[in-house]
Amino acid sequence: MKATDSKGDLNLEILRHSASHIMAQAVKRLFPKAKLGIGPAIKNGFYYDFGIDGTVLSQNLDRVQKEMRKIIKEDLPIEKEVLTKEKATKVFRQREEPYKVQLLEEIEDETVTVYRQGEFVDLCRGPHLESTGKLRFFRLTSVAGAYWRGKEGNPMLTRIYGTSFYTEKELEDYLGKIEEAKRRDHRKLGRELDLFSISSELGAGLVIYHPKGALLRDIIENFEKEEHLKRGYQLVMSPHISRAALWKTSGHLDFYRKNMYLFSSGDEEWVIKPMNCPAHILIYKSKVRSYRDLPLRYFELGTVYRREESGVLRGLLRLRGFTQDDAHIFCIPSQLVEEVGKVLQFAIFMMDTFDLGYHMTLSTRPAEFIGSPDHWERATQALKDALREEGLDFQMAQGEGAFYGPKIDIQMEDVLGRLWQGPTIQVDFNLPERFDLRYVAPNGERKRVVMVHRVVLGTIERFLGILIEHVGGAFPLWLSPVQVRILTVTEKENSFAENLHQQMVNKGVRSEMDLRNELLGFKVRQAELDKIPYMLIIGQKEAQKGTVTARKRNGDNLRDIKPEDFIQTVTEAVKEKRIEI
RNA sequence: GCCGACGUAGCUCAAUGGCAGAGCAGCUGAUUCGUAAUCAGCAGGUUGUAGGUUCAAAUCCUAUCGUCGGCUCCA
């Protein structure tokens, strides 16, 4: 297998796989006692797991990198050998590699392949580069712990991540992209733009929204409410605490207990809601429902609290308290295709509005499930039909569904090409059963209803985090907490500025003034850093003519604009939810 | 929860067992200026928290809370 002639994906995989072997060889040279785990190529690079004290590797990453360069310089041929399983087992026993021996035990074939480069031998399917010298552009990126074979309870190995490319430019581009992602980190921008904070005094995984963040969230929430009402959803609301017994009925107390906040007060046990479904179900159950009423679509911006493990918390992306744009659709099984189709359209409309890409995945019945296989088959088919009718490409994830029903997951793709979990649509056979949810059919029979759980942004918090990174903090006009900032050249223009400001506020434009006694350049810089879409620059010229000079976020100037024309431009862009200003 | 790295002024960081410091932000004053940083001065700290070792702790040890990178999880 020639690996060096082009740079297709397969070849990149070979390059990275060999890079991981070279890294493992370097680690073994420096730390002979390190035990080899596994070392595959992955999406953006490669890793290798070692049984060794993590501190040692994290403090010696540079040394490992240097040793790798030596091995590359030695240009050792990488040779494949076919061995019987017994022979291979003997080799790795001798080399005191227990993890490799364990892997061999699990292989059923009679023979296995090993790859040899100099003194280093690894159990491996290959293929590999011809020699270590073919690797040129690589970088070790981080050290982290990882469970052996990915199972909690197994020993924790130390994983080194790295990446490699065929050209220096590709490597630089990749590292540049990582830098760009760091610049856009929503945690950093959230602080710099004064949108939100997370305080350890308040508690990990809980967000406090500062005025600008709260405004931004309010804009998104209002947009969501409007769009839901347009699509036949009804707004509902439910309390944050409820009796534990409700969650006994729903089954959450048995299946989800470790993630729930429970407390007792008086003689009773209470739950802080981790989900909105039971409350919506109670609304459904509050009276007898006819087939004529269906489908019923209940929507709530429902704030829920879940006890997430401390290690999984991450900015706005993974929290303990968050707000889902949650809806539950109660319908007749025959309505499923149409309802799911509508949700798909809705989700796509939202992605388009925010200029995000999307990828769909259909997850089918897992090994452990409830409900009849027949129901599963029909529901899965309904989801598939809905996807096909909307003309959408999707991937299948066999056995990845929830235990209570199949689902469609939509991943959002941001401007850097990163994927984020977004909308989900889940069919549920479980809760209608547990709560005995029925409707009266045309023939008077009381039949079981089908329930669909769905979110179209996911959670407001996570979506905000993704959005902040997607736009790099420079929100489109309709979302910008501050749309316009008026900058005066000297204090002489203050009254003109104040007048203008009031005019805009009256028209619903979110305006701010910077009347500080500072140089214009200083104020412009501040407004740029604050990523304000429009600066209105007011000096002697403007004050005399009664016009404004509008400086866009990208530096372009619009001169001699009448205030009312500017206000109209802004108002129109907001109305159309234009992405570009 | 697990592995590792961390936690010093609002922010970014310095001080490696020996007097806690800088830039930005803030405040005061001067300056009245045209598109990414005007000048000067002032103030800002129980070094996350609680213990311990030491003549002496930001620095070493223990616990705890939190943050970051991963793993696992994500009904």
Side-chain angles (χ1 to χ4, degrees), chain A residues 47 49-59 61 141-161 178 182 185 187-188 191-192 194 197-205 247 250-260 274-275 277-278 304 306-315 317-320 322 401-405 407 409 421 424 426 428 430-431 453 458-459 462 487-494 516-530 535-542 549-553 555-557 559:
Chain A
Y47 68 79
D49 287 342
F50 304 96
I52 184 175
D53 179 6
T55 317
V56 174
L57 288 187
S58 64
Q59 286 171 357
L61 208 56
T141 49
S142 64
V143 180
Y147 297 107
W148 167 237
R149 314 241 71 192
K151 286 211 180 70
E152 209 171 359
N154 276 352
M156 180 65 73
L157 306 182
T158 302
R159 174 172 299 179
I160 303 182
Y161 284 94
I178 292 177
K182 267 186 204 159
D185 191 311
R187 293 164 294 197
K188 179 172 168 280
R191 188 182 51 243
E192 288 173 2
D194 200 14
S197 59
I198 294 176
S199 150
S200 61
E201 258 180 293
L202 186 71
W247 302 90
S250 72
H252 289 98
L253 223 39
D254 294 325
F255 294 107
Y256 201 56
R257 189 181 199 102
K258 67 174 198 324
N259 282 302
M260 290 165 69
M275 296 184 185
C277 350
V304 296
R306 300 181 183 174
R307 279 175 58 149
E308 299 291 351
E309 288 178 332
S310 59
V312 306
L313 302 176
R314 189 181 165 205
L317 302 180
R318 194 75 184 270
L319 293 160
R320 287 184 175 149
F322 51 89
F403 78 88
Y404 50 77
K407 62 174 179 175
D409 286 314
Q421 182 55 54
T424 66
Q426 308 193 342
D428 187 349
N430 180 40
L431 291 176
H453 308 251
T459 74
R462 175 179 288 185
L487 313 183
T488 49
V489 179
T490 75
E491 283 171 357
K492 292 178 198 117
E493 293 86 34
N494 280 8
R516 290 178 299 173
N517 174 15
E518 297 286 354
L519 298 181
L520 181 61
F522 178 81
K523 295 186 187 184
V524 168
R525 178 182 153 77
Q526 286 296 312
E528 283 290 343
L529 291 175
D530 291 341
M535 298 172 216
L536 287 189
I537 294 168
I538 307 299
Q540 207 183 356
K541 280 181 270 175
E542 288 81 2
T549 298
R551 185 194 205 269
K552 289 191 187 182
R553 199 151 48 189
D556 289 352
N557 275 303
R559 294 180 198 280

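Worth saying up front: this structure is predicted, and the values here are computed from it rather than measured.
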**Student:** Taking atom CD of A:E491 and atom CD of A:E493, what is their separation to the nearest 0.5 Å?
**Tutor:** 9.5 Å
**Student:** Both distances under 3.5 Å, Watson-Crick or G-U wobble: report the partner of B:G44, or none.
**Tutor:** none
**Student:** Report which part of the nucleic acid A:G150 touches: base, sugar-phosphate, or nothing (heavy-atom distance under 4.0 Å, all strands).
**Tutor:** sugar-phosphate
**Student:** Write down the partner of B:G21 under the Watson-Crick or G-U wobble criteria, each distance required to be under 3.5 Å.
**Tutor:** B:C13
**Student:** Examine B:G69: is either OP1 or OP2 under 4.0 Å from a nitrogen or oxygen in the side chain of A:R187? Give yes or no.
**Tutor:** yes
**Student:** With a 4.0 Å limit, can you tell me whether A:S200 has a side-chain N or O closer than that to the phosphate oxygens OP1/OP2 of B:G48?
**Tutor:** no
**Student:** Under 4.0 Å from OP1 or OP2 of B:C73: is there any side-chain N or O of A:R306 that close?
**Tutor:** no
**Student:** Can you check the distance between B:A57 and B:A15, where both ends of the measurement are the C1' atom (answer in whole Å)?
**Tutor:** 13 Å
**Student:** CG of A:L529 versus P of B:G10: gap in Å, rounded?
**Tutor:** 21 Å
**Student:** When all nucleic acid strands are considered with a 4.0 Å heavy-atom cut-off, which category describes A:E542: base, sugar-phosphate, or nothing?
**Tutor:** base
**Student:** Please state whether the phosphate of B:G1, meaning OP1 or OP2, lies under 4.0 angstrom from any side-chain nitrogen or oxygen of A:K258.
**Tutor:** no
**Student:** Under 3.5 Å for both donor-acceptor distances, Watson-Crick or wobble: does B:G4 have a partner, and if so which one?
**Tutor:** B:C68
**Student:** With heavy atoms under 4.0 Å as the rule, sort A:N557 into base, sugar-phosphate or nothing.
**Tutor:** base
**Student:** Looking across every strand, which nucleic acid part, if any, lies under 4.0 Å from A:G539 by heavy atom: base, sugar-phosphate, or nothing?
**Tutor:** base
**Student:** Between B:A58 and B:G17, how far apart are the C1' atoms? Round to whole Å, please.
**Tutor:** 11 Å
**Student:** At 4.0 Å (heavy atoms only), tell me whether A:R551 reaches a base, stays on the sugar-phosphate, or touches nothing.
**Tutor:** base
**Student:** Roughly how many Å is it from CG in A:L319 to P in B:C74, rounded to a whole number?
**Tutor:** 18 Å
**Student:** Counting only Watson-Crick pairs (N1-N3 plus N6-O4 or O6-N4) and G-U wobbles (N1-O2, O6-N3), all under 3.5 Å, who is the partner of B:U49?
**Tutor:** B:A63
**Student:** Quote, to the nearest angstrom, the C1' distance that separates B:C61 from B:G23.
**Tutor:** 34 Å
**Student:** Which nucleotide in the list B:A36, B:A37, B:C71 gets nearest to the side chain of A:F522?
**Tutor:** B:A37
